[in-house]
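Written below as structure tokens is the structure these notes are about.
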Amino acid sequence: MEPFSSAVSIAEAVRSRKVSPVEVAEFYLGRIEHYDHELNAFIWYDAERVMDAAETAARAVMSGEDLGPFHGVPLPIKDLTSVSGQPNTMGSLGFPDTPRHGNELVVDRFLEAGCLLMGRTNSAEMGTLPDTENARYGPTANPWNLRRSPGGSSGGAAAAVAAGLAPLAHGNDGGGSLRMPASACGLVGLKPSRARVPQLVQSWWEYCSTEGVITRYVQDSAAMLDVMSLPDPHGWFQAPPPARPFADEPGRDPGRLRIGLMVDAPTGLPVDAECVEAATAAASLLDEMGHDVRPVSPELLSPEAAQGYVDRVIPGSLYVNPFDDPDRAEPYNRYRWERMKQVSAGEYVRTAALLQTETRRIVAQWRRDFDVLLTPTMACQPPELGVVRADANRDVAVAQPSALLMVSFTLLANITGQPAISLPVHVAPTGLPVGVQLIGAPFDEATLLRLAAALEARTNWPLTVPADFC
């Protein structure tokens, strides 16, 4: 076994009986045991349960049963998502660690695909900060530099994949929580379109949050999107079906695309020179590939709409899945909890309507003015551990630059519901990965996957791994 193999290749090795699911599980459990004390990526796992599932998967292979596309592939779940029989503490002291009853829909899709659920990864409390540390479990470290953050809030997932503790990992994204940690850890983070991946409650964060995975390989992201996006006949709404399986998109010719380059942060904050360098380097590669790449200054969200999302929609999510004990929550979330009591239903509805109205204007620019928007993923390099959470808890009433720099470029696609992907095209002189983001037209993950695979072939980023975890 190789620690940085693709999930697709592991599944193929299992199907061809070159390796057993038991051997795969033992290998990754061994790496977790050996390395995770440095990272704190996993906050819970049950090795005995994993091995029981691996033995069941091995029997299915030997008996010639029909196997799912990821049969025998380990995949950890982020500690914001419920799995029957596992705790779900939301990264908080405000929730008990009693086992949950019932799976989130995406978990059922993973199980049907044959994945081995490999435990739970760390997150910011309730996923409301772009870091991965909390009072209950402490911080998760970045495998590229243990003094730096892996981003968040799916940072435990990203750290696990970057260090070779899992071939891919589940996460979710309501403001960049798949893309920011992918950028910070040198990985691929695809945020699917709104309603592409069914959820039990589709209104999380006013329909702006989605489930997904963090991977090392574009092909893994594409194939897993097919798994996650199976239609849900019981949901309120769902994305239109793709023209073909997403797994067929990498390697297809995307045609000559108009790609807009934007390196100024929508928040108005200064952008780190290495983040600008990453975006301009990607622009040069895309230009060499024959695309029409040019700077653009698109119309974006008004300050009122963006502030409304941060001040009303995100805090409102705390009431959808309320704390059992709010007094034990992080100070920044306790403040949001109390503040939402002062927000009227009318104010919330007005914000929701404004977000929808502005989205119509914003997404009209895709295909009219450009096909894909290219930006840095973050406006900063991964911050030092402790900075983002400390800033948030020190002045709970004000969004701090340490967090805003991280979400400056990612938040837009959540609100508009567009697909977006972070790709690891650059390494700063600090040795830290720096990602770039591609935002596609509504429901056009296919174009992003084609472009991402072409860039992957040019840069060969899967071979770039943190030396201390080889």
**OP:** Tell me, with the steps shown, if Ser177 and Lys78 meet side-chain hydrogen bond (donor to acceptor under 3.5 Å, both in side chains).
**Re:** CA-CA 11 Å; Ser177 288; Lys78 181 179 176 180; 4.5 Å; no
**OP:** Go through the steps for Ile421 and Arg179 under the test side-chain contact (heavy atoms from CB on, under 4.5 Å), then give the verdict.
**Re:** CA-CA 7 Å; Ile421 191 168; Arg179 290 160 287 155; over 6 Å; no
**OP:** Walk me through it: do Ser82 and Asn88 pass the test side-chain hydrogen bond (donor to acceptor under 3.5 Å, both in side chains)?
**Re:** CA-CA 6 Å; Ser82 290; Asn88 181 8; 3.1 Å; yes
Original post:
Run the side-chain hydrogen bond (donor to acceptor under 3.5 Å, both in side chains) check on Glu330 and Asn393 step by step: do they pass?
Top reply: CA-CA 7 Å; Glu330 297 274 359; Asn393 281 332; 3.0 Å; yes
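With sequence neighbours excluded, no residue forms a side-chain hydrogen bond (donor to acceptor under 3.5 Å, both in side chains) with Ser5. Residues satisfying the ring pair (Phe, Tyr, Trp, His ring centres under 6.0 Å) criterion with Phe469, sequence neighbours excluded, are Tyr35. Under the ring pair (Phe, Tyr, Trp, His ring centres under 6.0 Å) criterion, Trp337 pairs with Tyr319, Phe323, not counting sequence neighbours. With sequence neighbours left out, the side-chain hydrogen bond (donor to acceptor under 3.5 Å, both in side chains) criterion links Thr459 to no other residue. In this structure Asp232 satisfies the side chain to side chain contact (heavy atoms under 4.5 Å, CB included) test together with Leu105, Pro198, His234, sequence neighbours excluded. In this structure Arg147 satisfies the side chain to side chain contact (heavy atoms under 4.5 Å, CB included) test together with Asn145, Glu384, sequence neighbours excluded. The ring pair (Phe, Tyr, Trp, His ring centres under 6.0 Å) test applied to Phe370 returns Trp366, not counting sequence neighbours. Contacts of Tyr207 classified as ring pair (Phe, Tyr, Trp, His ring centres under 6.0 Å), with partners at least two apart in sequence or in another chain: Phe237.
Among all heavy-atom pairs drawn from Pro382 and Ser149, the shortest one is CB-O, 3.3 Å.
No donor-acceptor distance shorter than 3.5 angstrom exists from the side chain of Arg109 to the backbone of Leu230, with no hydrogens or angles considered. Remark: the backbone N or O of Pro240 is paired with a side-chain donor or acceptor of Arg196 at under 3.5 angstrom. Checking side-chain atoms of Arg31 against main-chain N and O of Gly164 turns up a donor-acceptor pair under 3.5 Å. Within the 3.5 Å criterion, the main-chain N or O of Ala124 finds no donor-acceptor partner in the side chain of Glu133. A donor-acceptor contact shorter than 3.5 Å is absent between the side chain of Thr121 and the backbone of Gly156. With Asp226 contributing its side chain and Phe246 its backbone, the two residues share a donor-acceptor pair below 3.5 Å. Judged by distance alone, with hydrogens and angles left aside, the side-chain atoms of Ser408 form no donor-acceptor pair with the main-chain N or O of Thr267 at under 3.5 Å. Panel note: side chain Arg194, backbone Asn414; a donor-acceptor pair is recorded below 3.5 Å. For Asp36 (side chain) and Phe42 (main-chain N/O), a donor-acceptor pair under 3.5 Å exists by modelled atom type. Formation of a donor-acceptor pair under 3.5 Å by the Gln418 side chain with backbone atoms of Phe443 is not found in this model.
There is a side-chain donor-acceptor pair under 3.5 Å between Asn172 and Thr81. Side chains of Asp444 and Thr447: a donor on one and an acceptor on the other come within 3.5 Å.
For residues 203-216, no pair satisfies salt bridge (charged side-chain N to carboxylate O under 4.0 Å, His left out), with sequence neighbours left out. The stretch residues 165-193 participates, sequence neighbours left out, in these ring-ring contact (aromatic ring centres under 6.0 Å, His included) pairs: Phe110-His170. Sequence neighbours left out, the pairs with a member in residues 395-407 that pass side chain to side chain donor-acceptor pair (under 3.5 Å) are Asp391-Ser402. A ring-ring contact (aromatic ring centres under 6.0 Å, His included) check over residues 390-424, counting only residues at least two apart or in different chains, returns nothing.
A salt bridge links Arg120 to Asp79: one of the charged nitrogens lies within less than 4.0 Å of a carboxylate oxygen. Taking 4.0 Å as the cut-off between side-chain N and carboxylate O, Glu304 and Arg350 count as a salt-bridged pair. At a threshold of 4.0 Å, the pair Asp371-Arg258 counts as salt-bridged, since one of the basic side-chain nitrogens sits closer than that to a carboxylate oxygen.
At least one side-chain heavy atom of Tyr309 sits less than 4.5 Å from a side-chain heavy atom of Leu355.
Interatomic distance, Cys470 SG to Glu2 CD, rounded to the nearest 0.5 Å: 10.0 Å. A distance of 9.0 Å separates OG in Ser221 from CD in Glu456, rounded to the nearest 0.5 Å. Taking CG of Leu438 as the start and CG of Leu374 as the end, the distance is 5.5 Å to the nearest 0.5 Å. Rounded to the nearest 0.5 angstrom, Asp468 CG and Leu39 CG are separated by 10.0 Å. A distance of 11.0 Å separates CG of Leu225 from OG1 of Thr215, quoted to the nearest 0.5 Å. Between Leu318 atom CG and Thr128 atom OG1 the span is 6.5 Å, to the nearest 0.5 Å.
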